[in-house]
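Notes follow the structure.
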Amino acid sequence: MSFSNIMDSNSYTGQSADPDTEKLIEARTHLLGPAYRLFYERPVHLVRGSGSHMFDADGTRYLDAYNNVVSVGHCHPHVVAALTRQAETLNTHTRYLHEGIVEYSQRLLATFPAELDQVMYACTGSEANDLALRVAQRYTGARGVIVTRDAYHGNTEAVTAISPSLGGATTIGSHVRAVAAPDSYRSGTEVAERFLADVEAAIAELKAAGFGLSALIVDTFFSSDGIYPDPSVLAPAVAAVRAAGGVFIADEVQPGFGRTGETMWGFTRHGVVPDLVTMGKPMANGLPVAAMAARSEVLEAFAREVPYFNTFGGNPVSMAAAAAVLDVIEGEELMANAARVGTALRDELTRLAADDPRVGDVRGAGLYVGIEMVTDRAGAGPDRAAAHDLVNAMRDRKVLISVCGAQGSVLKVRPPLVFSLSDVDWFCTEFADALRELR
């Protein structure tokens, strides 16, 4: 089976499951086929969740330090109640009038700069990114797209072509140019200049190849590239893209909805206003719903010429759940919680890293943290094996994280926004023990 960096750096290889788990895995593989992946050398069989904790089939409690799908916590009662009420009342599509989609759209757009004044709905982040590419192409009349070298933007045919991290049998499109992520760990203060130079070179290549420039699309936290939070890098590159006739698409599926603790949206940290913004996973706390916010002047040509309809996108139950998520983020002050608890987490991890040369860097903002494992701190050589071993050591200690980055060497810590200071203590205690064990 081919190797995909984003799919296989922390996947089950079929060698360490207990007999009962192996039976379930065999049934799953037989019915679903081999394309699906499982986390960890010993997969986890989870049956319920609450807040930042999950429980397996034996009742063992796990600390969820990875999941941004249920961003306001597993089974949040306010979200569950809202979607249940709506499911008991009506669920249909957007070709009938319904107040829910209008009311939610007003609330959602109010969180954006005024320039982003319209929104369209889908079911997944992949669909939202697919739609954004179509809108950008119609607006610019060009096809060329710039992405980062280990980006992931989804799994439709169109967005697979702009998702280099999928690897395997997939390839990026001939109309796509991939640039290095803004690696602030290795580039230091030169990171913005290097990123701008790479984007400008990609623009020139696309124009020379006859594709022109349609869009630069980035996850504004460069999540799959390795988590690079430096807010200085995007503005110069976006200016160059617009000067060349392209648009900027901010993929907020991972950094959006208050995760960084500083702002509701990751792009705000960079001091830019995108032309299109895509969002998905955490939008309705696990219910499939996604969206694309747009500047109306960018959307106008596509909206006038292409009839758009998504059967399930924007349905009343999804809108009720999404509205409930906004209620919780606001009412429980989860953005402030992300800032406070995330700072405590990074501070303690930085303290632990000071005593261990295998930890090269701790970086992030809010409740999104990358811990880069290295073979040599002075040379900053990435250590995929150490990261893999730590992820599985943490899993054995009932703490769930994953990895990212070009070499699979960055521990990805991205818990629900309800993560608490006691969760930080739990996490850091187990992380310190895992480091000692693997020394």
### Task
With side-chain contact (heavy atoms from CB on, under 4.5 Å) as the test, would you mind laying out the steps for Met292 and Val119 before giving the verdict?
CA-CA 6 Å; Met292 179 199 71; Val119 60; over 6 Å; no
### Task
Look only at the side chain of Arg194 and the backbone of Glu190, and say whether a donor-acceptor pair between them is shorter than 3.5 Å.
no
### Query
Does Glu430 pair with Lys398 as a salt bridge, N-O distance under 4.0 Å?
no
### Message
Main chain of His175, side chain of Arg143: is a donor-acceptor contact present, judged purely on distance under 3.5 Å?
### Response
no
### Message
When you compare the side chain of Arg395 with that of Pro43, does any pair of heavy atoms fall below 4.5 Å?
### Response
no
### Query
How many angstroms lie between OG1 in Thr375 and CZ in Arg384, if you round to the nearest 0.5 Å?
13.5 Å
### Query
Is Asp225 reaching over with its side chain to a backbone N or O of Gly405, donor-acceptor style, under 3.5 angstrom?
no
#### Entry: Which atom of Ala321 lies closest to which atom of Leu83, heavy atoms considered
CB-CB, 4.2 Å
### Message
Check for me whether Arg61 meets the cation-pi criterion with Phe55, that is, NZ or CZ under 6.0 Å from the six-membered ring centre and within 45 degrees of the ring axis.
### Response
no
### Task
Provide the full list of ring-ring contact (aromatic ring centres under 6.0 Å, His included) pairs with a residue in residues 239-259, sequence neighbours left out, each pair given once.
Phe257-Trp265
#### Entry: Any donor-acceptor pair under 3.5 Å from Thr84 side chain to Val80 backbone
yes
### Pair Asp423, His53: side-chain N/O donor-acceptor within cut-off below 3.5 Å
yes
### Message
Quick check for you: to the nearest 0.5 Å, what is the distance between Leu334 atom CG and His76 atom NE2?
### Response
7.0 Å
### salt_bridge(Arg149, Asp183) N-O dist < 4.0 Å
no
### Which atom of Ser318 lies closest to which atom of Pro288, heavy atoms considered
OG-O, 3.6 Å
### Query
When you check the side-chain N and O atoms of Asn337 and Glu332, is any donor under 3.5 Å from an acceptor?
no
### Query
Is there a donor-acceptor pair under 3.5 Å between the side chain of Arg358 and the backbone N or O of Leu435?
yes
### Message
Is it the case that the side chain of Glu193 and the backbone of Ala197 share a donor-acceptor pair, with hydrogens and angles ignored and the cut-off at 3.5 Å?
### Response
no
### Query
Got a second to check how far Phe427's CZ is from Leu421's CG, nearest 0.5 Å?
14.5 Å
### Task
Verify the distance criterion only: is there a donor paired with an acceptor across the side chains of Thr278 and Asn129 at less than 3.5 Å?
yes
### Task
Could you tell me the separation between the OG atom of Ser402 and the CG atom of Asn67, rounded to the nearest 0.5 Å?
11.0 Å
### Arg351 bridged to Glu348 by N-O distance under 4.0 Å
yes
### Task
Mind running side-chain hydrogen bond (donor to acceptor under 3.5 Å, both in side chains) on Gln254 and Asn68 for me, showing each step along the way?
CA-CA 7 Å; Gln254 295 198 62; Asn68 85 317; 5.1 Å; no
### Taking every non-hydrogen atom, the tightest pair across Ala57 and Val47
CA-CG1, 3.9 Å
### Task
Report yes or no: does Arg269 contribute a side-chain atom to a donor-acceptor pair with the main-chain N or O of Pro229 at less than 3.5 Å?
yes
### Message
As a quick check of understanding, evaluate side-chain contact (heavy atoms from CB on, under 4.5 Å) for Leu345 and Leu349, giving each step before the final call.
### Response
CA-CA 6 Å; Leu345 176 61; Leu349 289 171; 3.8 Å; yes
### Taking every non-hydrogen atom, the tightest pair across Leu196 and Ala240
CD1-CB, 3.8 Å
### Query
Between the main-chain N or O of Ile162 and the side-chain N or O of Tyr152, is there a donor-acceptor pair closer than 3.5 Å?
no
#### Entry: Asp230 versus Ser232, side-chain donor and acceptor atoms under 3.5 Å
yes
### Message
Within 45 degrees of the ring normal and closer than 6.0 Å to the centroid, is that where the cationic atom of Arg414 sits relative to Tyr66?
### Response
yes
### Query
Passes side-chain hydrogen bond (donor to acceptor under 3.5 Å, both in side chains), Asp130 versus Thr156? Steps please.
CA-CA 7 Å; Asp130 189 295; Thr156 70; 2.9 Å; yes
#### Entry: No-hydrogen, no-angle side-chain donor-acceptor test under 3.5 Å, Ser126 and Asn155
yes
### Task
Supply the atom-to-atom distance Ile227 CD1 to Ser184 OG, rounded to the nearest 0.5 angstrom.
11.0 Å
### Message
Looking only at side-chain N and O atoms, does His74 offer a donor or acceptor that is under 3.5 Å from a partner on Asp64?
### Response
yes
### Message
Check Arg242 with Asp275, please: is the shortest side-chain N to carboxylate O separation under 4.0 Å?
### Response
yes
### Query
Do the ring planes of His93 and Phe309 sit parallel (below 30°), tilted (30 to 60°) or perpendicular (above 60°)?
perpendicular
### Query
Using 4.0 Å as the upper bound for N to carboxylate O, is an ion pair formed by Arg295 and Asp117?
no
### Task
Apply side-chain hydrogen bond (donor to acceptor under 3.5 Å, both in side chains) to the pair Tyr62 and Asp56, showing each step before the final yes or no.
CA-CA 8 Å; Tyr62 289 76; Asp56 69 12; 3.2 Å; yes
### Message
Set out, in order, the CA-CA distance, both residues' side-chain angles and the distance that settles side-chain contact (heavy atoms from CB on, under 4.5 Å) for Trp426 and Phe431, then state yes or no.
### Response
CA-CA 9 Å; Trp426 182 358; Phe431 185 68; over 6 Å; no
### Query
Can Leu213 and Thr140 be said to form a side-chain contact (heavy atoms from CB on, under 4.5 Å), step by step?
CA-CA 8 Å; Leu213 177 63; Thr140 62; over 6 Å; no
### Message
Quick one: does any side-chain atom of Asn315 pair with a main-chain N or O of Thr311 as donor and acceptor, under 3.5 Å?
### Response
no
### Message
Using the ring centroid of each side chain, check whether Tyr185 and Tyr228 are separated by less than 6.0 Å.
### Response
no
### Task
Look at the side chain of Thr260 and the backbone N and O of Ala365, then say whether any donor-acceptor pair between them is shorter than 3.5 Å.
no
### Query
Would you say the side-chain atoms of Glu252 and Thr220 include a donor-acceptor pair closer than 3.5 Å?
yes
### Query
Is there side-chain contact between Val79 and Val72, with at least one heavy-atom pair below 4.5 Å?
yes
### Residues Asp150 and Ser224: side-chain donor-acceptor under 3.5 angstrom
no
### Message
What's the separation between atom CD1 in Ile217 and atom CG in Asp251, rounded to the nearest 0.5 Å?
### Response
5.0 Å
#### Entry: Near-ring test Phe221/Tyr368, centroid separation under 6.0 angstrom
yes
### Query
Of the non-hydrogen atoms in Ala215 and Ile249, which two are nearest, and what is the gap between them?
CB-CD1, 3.8 Å
### Message
I need the minimum non-hydrogen distance between Leu417 and Ala338, along with the two atoms involved.
### Response
CD2-CB, 4.3 Å
